[in-house]
Amino acid sequence: MSIRSKINSQIFQDSNNTYFPKNEEEVSILIKEFYKKNLPTEIIGTNTKNFIGNKTQTSNKISLSKLTGIIDYFPEELYIKVKAGTLLEDVEKALEKNNQELAFEPIDFGFIENGQSNKGTVAGYLSCNYAGSRRFKVGSVRDHVLGFKGVNGKGDIIKSGGTVVKNVTGYDLSKLITGSFGTLCILTEITLKVLPKKKFSNTIVIDAKNNQLIYDLFNKISGSSSEVSGAVFIPEEPKDDSYLKNRDKIFKFNDLDFKGSFLAFRVEGDKISINEKIKSLTEELQLNTYKTFLLDNYQSEPFWKKINNLELFEKTKNNLVRIVIEPSNGSTMMKYLSNKFKYYIDWCGSLFWIEMPAKKNMKIKEIKKITKEYGGYLTIIKASSEYDYEESIFTIDDVRLMISKKIKQSFDPKRILNPGKMYRGV
C-alpha cells in the first residue's frame, strides 16, 4: 500500500484539510508524505494559544486532538508521561489526587482570549514555554521536561531524555524543543517532572509605590533564604479609557482593604514553617516600617491563580506584550511605563506583562528598542486587530536568528512544520 493510500484509508481528514492522526506512527506517515511533496503544515491542539506568533501559510493542518491520555504516572518516582494532546487540566487533576503539582505554575491563556479557563494541551503548553510566578525560584517549563518523543520535519520518529529525574541524557534537546512553537518537531509524547504540593501558602501585601523601593524589596526577597515562591508588583491602573478598569474587582479580598499600588510575595509550606519564614522576612525586609496585609491560605491561593490567569487583561482587545529583563533595569522600565500603560511585574522583578491599546502601536517598536538595550527580550503575546505586524512578534538579533535557522534546517530541512510561526523565513 502506498503512503497516500495509507493516509486515505487510516487517517481521518476533514473538509479543511485537517488530518487527525490517532498515534505517533500516523503522524510519521503524514509528515513523510508532506516532506516528499513539499507541503507545509500547521500543527494544532485545542488552539488556546494559536493567537501567539505569526499566522502560518500552510496547505494542511495536523490536529493532535486524538493523541490523548496518561501513559505512565508514578508519584513516588516524581514523573508523569502523557500523550501530546492530553489536556493540561486532566494532568493537574491526576496530580492533585496525590498532592502533587507542576511546580512551574502553568499560565491560563483562556482568560485573555475569552474570559474563561482553558489551559489547552500539554504539547501546546511546552511549545510556548511560559511559566508562572514560581519561575524565578523553580526554573522555566523546559527545566521540568525529562524527555519527549516526536516526529521531525522528515517524518523520522525522534526521542530524547528518560523517565527518571536523575537521568539527564538528551536534556538539552528537550530544552531546545520547549518554546519552539512547533517549528522543530511534532511532539507526540512528553515526560514531566512533578513535585509535592505545598500544604499551605500565605501572601504578604506591602503598600509600596516608589520604583526604587519596590526593586530594593525585590532584590532582598530574591536573596532571602526564606524560600519566597512568588513576588509581584501591581500598580494602579492608568486613567486612559482604552483600558478595562478591573484591578480592584479582581484583587478584592477580605484582608486587602486599600486601593493603590502594592507589592505581594508568597511563602509556602506547613503552618509552622510559614510562621517562621514570615518572622524572618519581617526582620529582613523591615516590614514593620510599611503598611502590610496578610492573606491567609484561603485568600492566597486564589490571589496567585488570578495572577497566573492574567485576569487583569481579561478579554483584552488591545496588544498584550511580555517583556523579560534583568531586575537591575526594572526600575528604569517602570519609569518609562509610568502610569501610561496597564501592566504588572512578576518573577520578583524580571517579567513585565504590559497592555498597549492599538493607538499606541508605534510604542511597541520603541519599547522593544529599550528592552534590547536592557539586555532583555519582548514578545507580542496578543495583537490587536489593528496591529499591522510591522514589528516582529519575537525579539531576535542577527546572531540568534542565524542559529535558529541552522537549528530549523537540522530538524526540518524543507520548512514544512509551522513555517514562519516565530520568525519570518524560518
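Worth saying up front: this structure is predicted, and the values here are computed from it rather than measured.
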- Message: Determine whether Lys83 and Glu189 satisfy the following criterion, salt bridge (charged side-chain N to carboxylate O under 4.0 Å, His left out), listing intermediate values before the conclusion.
- Response: CA-CA 4 Å; Lys83 294 181 182 179; Glu189 186 179 293; over 6 Å; no

- Message: Thr48 vs Asn118, test: side-chain hydrogen bond (donor to acceptor under 3.5 Å, both in side chains). Steps then yes/no.
- Response: CA-CA 7 Å; Thr48 53; Asn118 192 345; 4.8 Å; no

- Message: Between Trp304 and Thr203, does the side-chain hydrogen bond (donor to acceptor under 3.5 Å, both in side chains) criterion hold? Intermediate values first, please.
- Response: CA-CA 9 Å; Trp304 292 97; Thr203 296; 2.8 Å; yes

- Message: Run Thr395 and Thr371 through side chain to side chain contact (heavy atoms under 4.5 Å, CB included) and show every step you take.
- Response: CA-CA 9 Å; Thr395 301; Thr371 301; 5.6 Å; no

- Test Trp353 against Lys342 for side chain to side chain contact (heavy atoms under 4.5 Å, CB included), laying out the working first. CA-CA 8 Å; Trp353 288 98; Lys342 184 175 180 177; over 6 Å; no

- Message: Let's go through Glu311 and Asn309 carefully: what are the C-alpha distance in whole Å and the side-chain angles of both, what is the deciding distance for side-chain hydrogen bond (donor to acceptor under 3.5 Å, both in side chains) to 0.1 Å, and is it a yes or a no?
- Response: CA-CA 5 Å; Glu311 290 188 37; Asn309 290 345; 3.1 Å; yes

- Item | Worked verdict on Ser133 versus Asp346 for side-chain hydrogen bond (donor to acceptor under 3.5 Å, both in side chains) | CA-CA 6 Å; Ser133 297; Asp346 204 346; 2.8 Å; yes

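What you find for Pro21 and Val27 is that their closest heavy atoms are CG-CG2, 3.6 Å. Taking all atoms of both residues into account, the shortest heavy-atom contact from Cys128 to Ile52 is SG-CD1, 4.4 Å. Among all heavy-atom pairs drawn from Asn319 and Ser384, the shortest one is OD1-N, 2.8 Å.
Taking the six-membered ring wherever Trp is involved, the centroid distance between the rings of Phe313 and Tyr243 does not fall below 6.0 Å. Here Phe303 and Phe251 bring their ring centres to under 6.0 angstrom of each other. You'll find the ring centres of Phe262 and Phe293 outside the 6.0 Å limit.
Ser392 contributes atom OG, which lies 8.0 Å from atom CG of Asn54 (distance to the nearest 0.5 angstrom). Here the CD1 atom belonging to Ile381 is positioned 8.5 Å from the CG atom belonging to Leu310, to the nearest 0.5 angstrom. Annotation: the span from Leu184 atom CG to Asn418 atom CG amounts to 10.0 Å, rounded to 0.5 Å. To the nearest 0.5 Å, the span separating CD1 on Ile43 from CG on Asn50 amounts to 11.5 Å. To the nearest 0.5 Å, the span separating CD1 on Ile11 from OH on Tyr19 amounts to 8.5 Å. Atom CG in Leu285 sits 11.5 Å away from atom CD1 in Ile278 (nearest 0.5 Å).
Between Asp207 and Lys209 there is a salt bridge, since at least one side-chain N of the basic residue sits less than 4.0 Å from a carboxylate O of the acidic one. Ion pairing of Glu373 with Lys369 is present here, as a side-chain N (NZ or NE/NH1/NH2) and a carboxylate O approach within less than 4.0 Å. With respect to the salt-bridge test (charged N to carboxylate O, under 4.0 angstrom), the residues Glu24 and Lys149 qualify. Salt bridge absent: Glu268 and Lys199 never bring a charged side-chain N and a carboxylate O closer than 4.0 Å. The pair Lys382-Glu113 meets the salt-bridge criterion, since a charged nitrogen lies less than 4.0 angstrom from a carboxylate oxygen. Classification of Arg266 and Glu105 as a salt-bridged pair holds, one side-chain N sitting under 4.0 Å from a carboxylate O. Under a 4.0 Å N-O distance rule, the pair Arg134/Glu101 qualifies as a salt bridge. One finds no salt bridge joining Lys245 and Glu237 here, because no Lys/Arg side-chain nitrogen approaches an Asp/Glu carboxylate oxygen to under 4.0 Å. Under the 4.0 Å criterion applied to side-chain N and carboxylate O atoms, Glu96 and Lys197 are assigned as salt-bridge partners.
Remark: the backbone N or O of Lys119 is paired with a side-chain donor or acceptor of Lys49 at under 3.5 angstrom. Asp108 places no side-chain N or O within 3.5 Å of a backbone atom of Asn308 that could act as its donor or acceptor partner. With hydrogens and angles ignored, the 3.5 Å screen pairs a side-chain donor or acceptor of Asp270 with a backbone N or O of Ser273. With Ser224 contributing its side chain and Lys220 its backbone, the two residues share no donor-acceptor pair below 3.5 Å. In terms of modelled atom types and a separation under 3.5 Å, the side chain of Ser222 and the main chain of Asn219 share a donor-acceptor contact. Checked by atom type and distance alone, the side chain of Asn246 never pairs as donor or acceptor with a backbone atom of Lys249 at under 3.5 Å. Listed for the Arg142 side chain is no donor-acceptor partner under 3.5 Å among the backbone atoms of Ile177. Of the possible donor and acceptor atoms, none in the side chain of Lys421 sits under 3.5 Å from a partner among the backbone N and O of Ser180. Remark: side-chain polar atoms of Ser261 are not paired, donor with acceptor, to backbone N or O of Pro235 under 3.5 angstrom. Ser226 contributes no side-chain N or O that, together with a main-chain N or O of Val228, makes up a donor-acceptor pair within less than 3.5 Å.
Considering Glu283, Glu284, Lys277 in turn, Glu284 is the only one that fulfils the side-chain hydrogen bond (donor to acceptor under 3.5 Å, both in side chains) rule with Ser280. Checking Leu312, Ile107, Ile234 one by one against Ile307, the side chain to side chain contact (heavy atoms under 4.5 Å, CB included) holds for a single residue, Ile234.
With sequence neighbours excluded, the residues forming a ring-ring contact (aromatic ring centres under 6.0 Å, His included) with Phe218 are Tyr215, listed by chain and number. For Ser140, the side-chain hydrogen bond (donor to acceptor under 3.5 Å, both in side chains) partners two or more places apart in sequence, or in a different chain, are Asp143. Under the rule for a side-chain hydrogen bond (donor to acceptor under 3.5 Å, both in side chains), the partners of Tyr336 that lie at least two apart in sequence or sit in another chain are Glu366. Contacts of Lys315 classified as side-chain hydrogen bond (donor to acceptor under 3.5 Å, both in side chains), with partners at least two apart in sequence or in another chain: none. Scored by the side-chain hydrogen bond (donor to acceptor under 3.5 Å, both in side chains) test, Asp296 finds Gln299 as partners (sequence neighbours excluded). In this structure Glu89 satisfies the side-chain contact (heavy atoms from CB on, under 4.5 Å) test together with Lys93, sequence neighbours excluded.
Relative to the ring axis of Tyr35, Lys154 does not place its NZ or CZ within 45° and under 6.0 Å from the centre.
Residues Phe148 and Thr191 form no side-chain contact, since every pair of their non-hydrogen atoms from C-beta on lies 4.5 Å or further apart.
In this pair, Tyr79 and Phe74 present their aromatic rings tilted. The plane angle is within the 30 to 60° band. Classification of the Tyr343-Phe352 ring pair by plane angle, with boundaries at 30° and 60°, yields parallel.
Looking only at atom types and distance, the side chain of Glu355 has no donor-acceptor partner in the side chain of Tyr344 under 3.5 Å away.
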